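Below: the structure, in C-alpha cells.
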Amino acid sequence: MNISIKKYIDVERLLKIGIFLLLFLLLTGNLVTLSYGIESLNLMRVFSGDEASAVNRVLRNLEHNDLNPRGFYNYGYVYHTAGFYLLKTLNFFGFKVDAMLAALAFRVLSLLFYVLSGLFVYKIFTTCFRGDKILGLISVLVLLSTPKLSYWSTLTHPDSLQMLLVILAVYIVFSKHNTLHLFLGSAAAGLAFGTKYSGAFILPFLFFPYLFGFLNTSSKNTKAWMKLLAVVLIAILIFLSVWLLTNPYVLSNFDEFQKDFSFERGHVSRGHGKAEEANPFLWLVLLIEELGFLYNIVLAGIGMVMVSLLIINRKYGFKKLINESVNINILTLILYGGVAFIYLMLTVNMRRPRYFFHTLPFIIIIGIYGCQKLGSLFSKKWVKHSIAAVLLVLVSFQTMNVIAQVSTATKKYEHEYIKAGEFLAESENTDVKILADSYSYVPPKFKSVRFIWGIDEEKIKKYEPDIIILNARVTGKRAWKKSYSSFKNLVFRKGSLDNWGKSYRCLMKLFSPGSDWVNIYETENMVILKK
C-alpha cells in the first residue's frame, strides 16, 4: 500500500514553522529588553561605556544643531547621523529628547539594521546564489543567532549598520553585473566606510563581478581597457565622495582624523591596554564560539563549494567558470572572506567578534550553500530535507542559548555596581566630590562626579575627592584583591594591563593601616572609600 507521507506531513512547512518560531522568539527577546538600563547616562555607563559616550555625543550634537564629532574619529559618523535625524524628527512631533529617549532610539535603529541584515542575507542566498529558500532562512537564523551580534544589536553601537551596508553593497553588485550596479554598490560601501573604517575592505571586491564579466568578453582592445579603468576610478570616487558627504568634518579636521585613525590601528593591532597574544589562530577560536555547533558544518560547506569550483575549472576551464553569474558571486565572496579574515589574523591582536561582523554573513552564506551543493548530489528530496532539519536542530540550540543571554538584560538592576550606587545615595549628601572608575554607578543626585579609566595616587591628588569608587572592571584589571580575600588583608594580585604597578601601589596606600581613607562598602568586585 503506497501512501505518500507528504499527504500527512508537509516537511517544508514544518521546517518553516520551526525557523519562524525561533526568529520570533529571538527578535521578541531583543525587542522587549531595549528599554532596560538606559534611564540615565550613569546607568548606561555601568554596562557599556561606548553607549554612554555615543548618547552624550548625539545630545551635544542636538544642542548645537550640528553633526560635528568634536574630536571623535575612531570610526565614522553615519550611525550617529541616522540617530541625530531620528531624534530631531521625534522632537518635531513633541517628544522630549533626553538621554533615555536617545539611547532607546539608537537601540531601535541597531535592532532594525540587524533585522535588515538578515533580510539581505536571504536575498543574496536565494537570488544571487539561486539557493533553496529553506536553507536561505536557516542562513538568516544562523546569522542572527550569533551571540555577540545579537548582543550588539540591542545597544547604541554602529556594528549592525556597518554589517548591513556591507551586505547591501554585495547584494547590489551581485544582483546585476553592470556599471550602474557597481556605482550603486560603491556608494553603499562608502556609507559602510563612513560607519566603521573596516567597511573599506569590501570595495576592491565589488569590482570583481564587473571585472570577470569584462574578462569573459571577446573585445579587449585599448578602448575597452580604458573604459574599464574609467569605471574603476569613478567607482572609487563615488566611494570617497559618499564617505566625505556623510563625514564632512574630516576635511576641516584632517590632522585630527589621521591621528585617531592611526591610534585605532595601533590600538587594535597591539591590544587594549596590553600586548595581547600574537597567535593568529585565536581568531578561529572566536569564530567557533560564535557559530557554535555549526562551525564544522559551515567549514565543511565552504570546502564543498571550493571543491566544486575547482572541478568546474579543471573540467571546463576558467573562462567557462566565470561565464556563470553564480560562480562569479561565489568566487568573489570566497576571496573577500578569505582576504579579510587573513588580514585580521595577521594584523589585529585585539580579538573582538564584532571585528569580523563584516565577513561573518558571507562565511555563513557560503557554508550553508555548500550544504545545498552536497544535497544536490542526491536526487532524493528527503536528503535535502534531512540536511535542512539537521541544520535547524543545531542552530536551535544556539538560538535558545542566545535568547537566554538576552534575558540577562532584565536583571540589570540587580547588578552589584548599581546596588553600591544605591547604598551611596542613601548614605551620602549630594555635594560630596566623587572620583569613580568607569563602569561604576553613581546616582544622578550627586553633583560632582568624575569618571576615569583607572585610579592611582596622581589622579587622587589632582581631583581631591571625598569619595573613591573602585571596581574590578577598570582598576581591577591592573591590580585587585585576591579572590575571596578582603582589601584590609593587603593581599593584592597584579593585573594584566600596562602600568599595573601604579594601581598596585595605590591600593597598598589606600588600605594600609593609618590611611586617610575608610572602607565603607565592599563586595567581591567593588569597593567604596571615604575620606
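Keep in mind that what you see is a predicted model, and the values were worked out from it rather than measured.
With contacts defined as side-chain heavy-atom distances shorter than 4.5 Å, the pair Leu286/Phe356 qualifies. The shortest distance between side-chain heavy atoms of Glu276 and Arg270 does not fall below 4.5 Å. You'll find the side chain of Ser139 stays beyond 4.5 Å of the side chain of Tyr369, heavy atoms only. Contact of the Leu87 side chain with the Asn91 side chain is not registered, since no non-hydrogen atoms from C-beta on lie closer than 4.5 Å. Using a 4.5 Å heavy-atom threshold, the side chains of Val406 and Ser150 count as touching. Taking the side chain as every heavy atom from C-beta outward, Tyr36 and Thr33 approach each other to under 4.5 Å. The shortest side-chain heavy-atom distance between Leu291 and Ile364 falls under the 4.5 Å cut-off. Side-chain contact between His80 and Tyr75 is present, with at least one heavy-atom pair separated by less than 4.5 Å.
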*Take Asn525 and Glu416 through the test side chain to side chain donor-acceptor pair (under 3.5 Å) and record every step on the way to the result.*
CA-CA 8 Å; Asn525 298 298; Glu416 62 180 301; 2.8 Å; yes
*Taking it one step at a time, do Phe193 and Tyr197 satisfy ring-ring contact (aromatic ring centres under 6.0 Å, His included)?*
CA-CA 5 Å; Phe193 183 59; Tyr197 300 133; 5.4 Å; yes
_From CA spacing to verdict: ring-ring contact (aromatic ring centres under 6.0 Å, His included), Phe47, His415_ = CA-CA 10 Å; Phe47 306 102; His415 196 285; 5.6 Å; yes
*Between Trp152 and Phe357, does a ring-ring contact (aromatic ring centres under 6.0 Å, His included) hold up when you go through it step by step?*
CA-CA 11 Å; Trp152 286 107; Phe357 284 172; 8.1 Å; no
_Using the rule given for side-chain contact (heavy atoms from CB on, under 4.5 Å), can you reason through Ile312 versus Asn327, listing the C-alpha separation, both sets of side-chain angles and the distance that settles it, and then say yes or no?_
CA-CA 10 Å; Ile312 295 170; Asn327 292 339; 4.2 Å; yes
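Side chain of Tyr439 to main chain of Asn471: no donor-acceptor pair is present (N/O by atom type, distance under 3.5 Å, no hydrogens or angles). The main-chain N or O of Tyr441 is never found under 3.5 Å from a side-chain atom of Asn42 such that the two would form a donor-acceptor pair. Looking at Asn313, its side chain never comes within 3.5 Å of a backbone N or O of Leu309 through a donor-acceptor pair. Under a 3.5 Å cut-off, the side chain of Trp283 and the backbone N or O of Leu344 do form a donor-acceptor pair. Checking side-chain atoms of Ser145 against main-chain N and O of Val142 turns up no donor-acceptor pair under 3.5 Å. Between the Asn30 side chain and the Thr154 main chain, no donor and acceptor come within less than 3.5 Å of each other. Under a 3.5 Å cut-off, the side chain of Ser376 and the backbone N or O of Lys373 do form a donor-acceptor pair. A donor-acceptor pair under 3.5 Å is formed between the side chain of Asn349 and the backbone N or O of Ser269.
Between Phe261 and Tyr73, the gap from one ring centroid to the other reaches at least 6.0 Å. Ring to ring, Tyr79 and Phe106 are close: their centroids are under 6.0 angstrom apart.
In this structure, CD1 in Ile17 is found 12.0 Å from CD in Glu12, a value given to the nearest 0.5 Å. Rounding to the nearest 0.5 Å places OG of Ser153 at 8.5 Å from CG of Leu27. The CG atom of Leu22 lies 11.5 Å from the CG atom of Leu144; values are rounded to the nearest 0.5 Å. To the nearest 0.5 Å, the span separating OG1 on Thr156 from CD1 on Ile38 amounts to 7.5 Å.
Crowding of Met306 atom CE: a count of heavy atoms from other residues, nucleotides or ligands under 6.0 Å not exceeding 12. The environment of CZ in Phe293 is sparse: at most 12 heavy-atom neighbours from other residues, nucleotides or ligands sit within 6.0 Å. The local environment of CZ in Arg265 is sparse, with at most 12 non-hydrogen atoms from other residues, nucleotides or ligands closer than 6.0 Å. At most 12 heavy atoms of other shown residues, nucleotides or ligands fall within 6.0 angstrom of atom OH in Tyr316.
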Enumerate, atom names and distances included, each donor-acceptor pair closer than 3.5 Å involving a side-chain atom of residues 331-341, sequence neighbours excluded.
from: Thr332; atom 1: OG1; to: Ile328; atom 2: O; distance (Å): 2.8
from: Tyr336; atom 1: OH; to: His358; atom 2: O; distance (Å): 3.0
from: Tyr336; atom 1: OH; to: His358; atom 2: ND1; distance (Å): 2.8

Which pairs would a plain distance check flag for residues 198-210, meaning a side-chain donor or acceptor within less than 3.5 Å of a matching protein atom at least two apart in sequence or in another chain?
from: Ser198; atom 1: OG; to: Gln162; atom 2: NE2; distance (Å): 2.4
from: Tyr210; atom 1: OH; to: Thr179; atom 2: OG1; distance (Å): 3.4

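Pairs engaging residues 280-309 under the salt bridge (charged side-chain N to carboxylate O under 4.0 Å, His left out) rule: none recorded [sequence neighbours left out]. Within the structure, salt bridge (charged side-chain N to carboxylate O under 4.0 Å, His left out) contacts touching residues 114-134 (residues at least two apart or in different chains) are Arg130-Glu324, Asp132-Lys384. Sorted by first and then second residue, the salt bridge (charged side-chain N to carboxylate O under 4.0 Å, His left out) pairs involving residues 140-155 (not counting sequence neighbours) form an empty list. Among pairs with a residue in residues 31-57, those fulfilling salt bridge (charged side-chain N to carboxylate O under 4.0 Å, His left out) read Glu51-Arg107, at least two apart in sequence or across chains.
Scanning both residues, Ala388 and Ile138, for their nearest heavy atoms gives O-CD1, 3.4 Å. Of all the heavy atoms in Val242 and Ala187, the pair that sits closest is CG1-O, 3.5 Å. Contact detail for Ser175 and His181: the closest heavy-atom pair is OG-CD2, 3.4 Å. When all heavy atoms are compared, the tightest approach of Asn61 to Tyr77 is OD1-OH, 2.6 Å. Taking all atoms of both residues into account, the shortest heavy-atom contact from Leu15 to His385 is CD1-O, 4.3 Å. When all heavy atoms are compared, the tightest approach of Val108 to Leu34 is CG2-CD1, 4.0 Å.
When only modelled atom types and interatomic distance are considered, Asn74 and His267 share no side-chain donor-acceptor pair under 3.5 Å.
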